[in-house]
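A short worksheet on the structure shown next.
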Amino acid sequence: MTRCVDRPESRPAHPCTPAVHPARSRARVLLTSVFGPYAQDDQYGSRAMNPMELYHNQVTRTQGPFSLRMFHRSWGLMLMQGNMDAPCVVLDFPTLDRFIEELRTHTYDIIGITSIMPNVGKVKKMCELIRQYQPQATIVVGGHLANMPDLHERIDADHIVRGDGVRWFRRFLGEDENQPIRHPLIASGFGTRNAGITVKELPGDVAATILPSVGCPLGCNFCSTSAMFGGKGKAVHFYESGDELFDVMSQMEQEMQVRSFFMMDENFLLHRQRALRLLELMEQRHKAWSLYVFSSANVLQSYRLEQLVRLGISWVWMGIEGRDSQYTKLRGIDTFELIRELQSHGIRVLGSTIIGLEEHTQDNIDEAIEYAARHNTDFHQFMLYTPVPGTPFHADMKARGLMKDESEFDIADIHGQLMFNYRHPHLSDQQAGEFVLRAFDRDFARNGPSTVRIVRTTLAGWKRYRNHPDPCIRDRYAWEARSLATIYSALVGATRLYYRHDPELHDQMTELLSELHAEFGWKSRLASALGGRWLLRRIRQEARRLAAGWTYEPQTFYERNAAVTDRPEAALCQCLTARVTPPAAPAKPRRKPASKRQPAAV
């Protein structure tokens, strides 16, 4: 059973404070994600419809051979590994056999596991294996799974850590928890595949991931990430200033040969002073960077389009949620107009819509889905309205007696794509799963493949800014448009042929291809004619492969930090530290002794 449940930034849920580990910074640490394979149904909680792919799982799920396939590393593990002085090994995406092999061949003092809630069965199994092979090891569990209130009764772990794992591990290992963050070199994705082609990832092709902050102060009631890091009004900032951020990005640009950055921050532009200082430094040093960000609609509208363009914002993940949404971030905002304006400036938009809001019924769900699809975003995520433990939504449903007993569902199925874990006032579980699929299908049927939508938006940005007087802006848009005449023209040409029996989508592809031909001439015509027919064969092959049940799994990563000297087979992780001094925390005002209240004059 669990000895202690720890919230690094708040009062412990269990009245014990973990002592510093006896070995301190000499402790040998293993950090691991849950074991695969993932895209299959098994007894540990894997589900074929819940693969280890963000896009194919939640965004391009029904786009078949056009679905964007890629994987993302467990960035939290990489960040924690880089920020401890103790010898630390990361095992990311192991198989069960590979995890057992690691336990049998190497001894550890601390073993940490990160997971989401549907994978609690895997974590339980991994804890059992650790007790079997390394009973002396201290087991630490974190990630979104840590928000499960009775987790200590489900798994045999020593510590359940909610929130900032970097600070917690530094404290547990007796290290300075306030020392500067060492940021790992992280490629934003790997294994990219689309239209039957696995992309060759050359240096500079894949954006670098930056982790400026975790948590979101807006604190939407359903947001488990916000809840995990303190909830409404709170966030953990690894970089408080634009100066720190710019320095780390500059180092990463040089080390990784990149010019694009995925800012893994729940609402990056909300920290306005940091973002505008970053813009100021980018202009001073003539940086033509591209930034991919999460942002709420109200925060986006607080910036001028000129500022977003100069800051290099070229991709935005934005919550649309639903018609007449009561969320403050959407109040009074015409999301259709906002998205059209962003796309007209070459800013690609990933919209996110909730299926199963409290007002959704069988009678109005098609209207809600059509409302979402009409936004014609470049990508569109659809997720069920799910009260995840730890969120205000979950607390509300529990207080109202609407949460189901766990005997009524398998927690492995509560991943936002299949069924509810509470009693919806109007929809059944079967309808929930059907309506999510219907939303994906409608968006795809109406707007076509997301990768082709990207071509449309990128072309709009290129046409608008190719002659801009600012050389950095011209350079950035030219770099983003570098494949329009060749690879993208071939993709649009192949898609046009693929949809020759679908008049609406065929017309969309014909119009877009005509624009590409007009802009890039013979090169685009040749690519679409020859490359398009070759790519069409690959698309059809991919469709047959998927129909036969083919699944996609990530490779296993095995990495060490510099303190590990006996594992030459493990890749050495690389980290950067900001070379500028972070701003000092504002001094807390001293409280004056309360004066005696004087009687009111009569």
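Aromatic rings of Tyr552 and Phe71 (six-membered ring for Trp) have centroids within the 6.0 Å cut-off, being under it. Taking the ring centroids of Phe382 and His380, they lie under the 6.0 Å cut-off. Under the 6.0 Å cut-off for aromatic ring centres, Phe35 and Tyr44 qualify, their centroids lying closer than that. Two rings, from Phe222 and Tyr327, have their centers less than 6.0 Å apart. Outside the 6.0 Å centre-distance limit, the rings of Phe93 and Phe99 are not counted as a close aromatic pair.
Side-chain contact between Leu512 and Val452: present, with at least one pair of heavy atoms (C-beta onward) separated by less than 4.5 Å. Using a 4.5 Å cut-off on side-chain heavy atoms (C-beta onward), Phe520 and Leu459 make contact. Contact annotation: the side chain of Pro184 approaches that of Leu79 to within less than 4.5 Å [non-hydrogen atoms, C-beta and beyond]. The shortest distance between side-chain heavy atoms of Pro212 and Phe268 falls below 4.5 Å. With a 4.5 Å cut-off on side-chain heavy atoms, Leu357 and Ile354 count as touching. Here the side chains of Leu338 and Met318 are in contact, with some heavy-atom distance below 4.5 Å. Contact check for Phe190 versus Val206: no side-chain heavy atoms found under the 4.5 Å cut-off.
Among the candidates Asp413, Asp42, Asn119, Asp41, the single residue satisfying the side-chain hydrogen bond (donor to acceptor under 3.5 Å, both in side chains) test with Arg47 is Asp413.
A parallel orientation is assigned to the rings of His424 and Phe420, their planes being inclined by less than 30° (bins at 30° and 60°). Note on ring orientation: taking the six-membered ring where Trp is involved, the planes of Phe336 and His375 are parallel (angle under 30°, cut-offs 30° and 60°).
Looking at every heavy atom in both residues, Arg323 comes nearest to Glu359 through O-OE2, 4.3 Å. Annotation for Asn57 and Glu53: closest pair CB-O, 2.6 Å, computed over non-hydrogen atoms.
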query: Checking side chain to side chain donor-acceptor pair (under 3.5 Å) for the pair Ser213/Glu266: CA distance, chi angles, key distance, verdict?
result: CA-CA 8 Å; Ser213 308; Glu266 294 293 314; over 6 Å; no

message: If you apply the rule side chain to side chain donor-acceptor pair (under 3.5 Å), what do you find for Thr457 with Asp378, and how did you get there?
response: CA-CA 8 Å; Thr457 302; Asp378 300 270; 2.6 Å; yes

message: Run Arg348 and Gln343 through side chain to side chain donor-acceptor pair (under 3.5 Å) and show every step you take.
response: CA-CA 6 Å; Arg348 291 151 286 184; Gln343 290 175 327; over 6 Å; no

query: Does the salt bridge (charged side-chain N to carboxylate O under 4.0 Å, His left out) test come out yes or no for Glu559 and Arg73, once each step is laid out?
result: CA-CA 12 Å; Glu559 297 168 339; Arg73 290 289 307 279; 3.0 Å; yes

message: Working note: Glu504 + Gln508, criterion side-chain contact (heavy atoms from CB on, under 4.5 Å); need CA distance, chi angles, decisive distance, verdict.
response: CA-CA 6 Å; Glu504 185 175 346; Gln508 287 185 30; 4.1 Å; yes

task: Go through the steps for Thr62 and Leu437 under the test side-chain contact (heavy atoms from CB on, under 4.5 Å), then give the verdict.
output: CA-CA 8 Å; Thr62 64; Leu437 273 176; 3.7 Å; yes

- request: Please test Arg496 against Thr510 for side chain to side chain donor-acceptor pair (under 3.5 Å), starting from the C-alpha separation and ending with a verdict.
  value: CA-CA 7 Å; Arg496 179 176 177 272; Thr510 299; 2.9 Å; yes

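Within 6.0 Å of the NZ atom in Lys124, the count of heavy atoms belonging to other residues, nucleotides or ligands does not exceed 12. In Arg482, the CZ atom is crowded: over 12 heavy atoms of neighbouring residues, nucleotides or ligands sit closer than 6.0 Å. At most 12 heavy atoms of other shown residues, nucleotides or ligands fall within 6.0 angstrom of atom CD in Gln430. Dense packing is recorded around CD of Glu408, with more than 12 heavy atoms of other residues, nucleotides or ligands lying under 6.0 Å away. Residue Leu185 places its CG atom among more than 12 non-hydrogen atoms of other residues, nucleotides or ligands, all under 6.0 Å distant.
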Could you tabulate the donor-acceptor pairs under 3.5 Å formed by side-chain atoms of residues 292-299, not counting sequence neighbours?
unit_1 : atom_1 : unit_2 : atom_2 : d
Ser296 : OG     : Asn267 : ND2    : 3.0
Ser296 : OG     : Asn298 : OD1    : 2.7

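Seen from the ring of Phe379, Arg453 does not count as a face-on cation partner, given the 6.0 Å and 45° thresholds. Under a cutoff of 6.0 Å and an axis angle of 45°, Arg456 and Trp462 do not form a cation-pi pair.
If you check the side chains of Ser314 and Glu480, you find a donor sitting under 3.5 Å from an acceptor.
Tyr385 contributes atom OH, which lies 13.0 Å from atom CG of Leu427 (distance to the nearest 0.5 angstrom).
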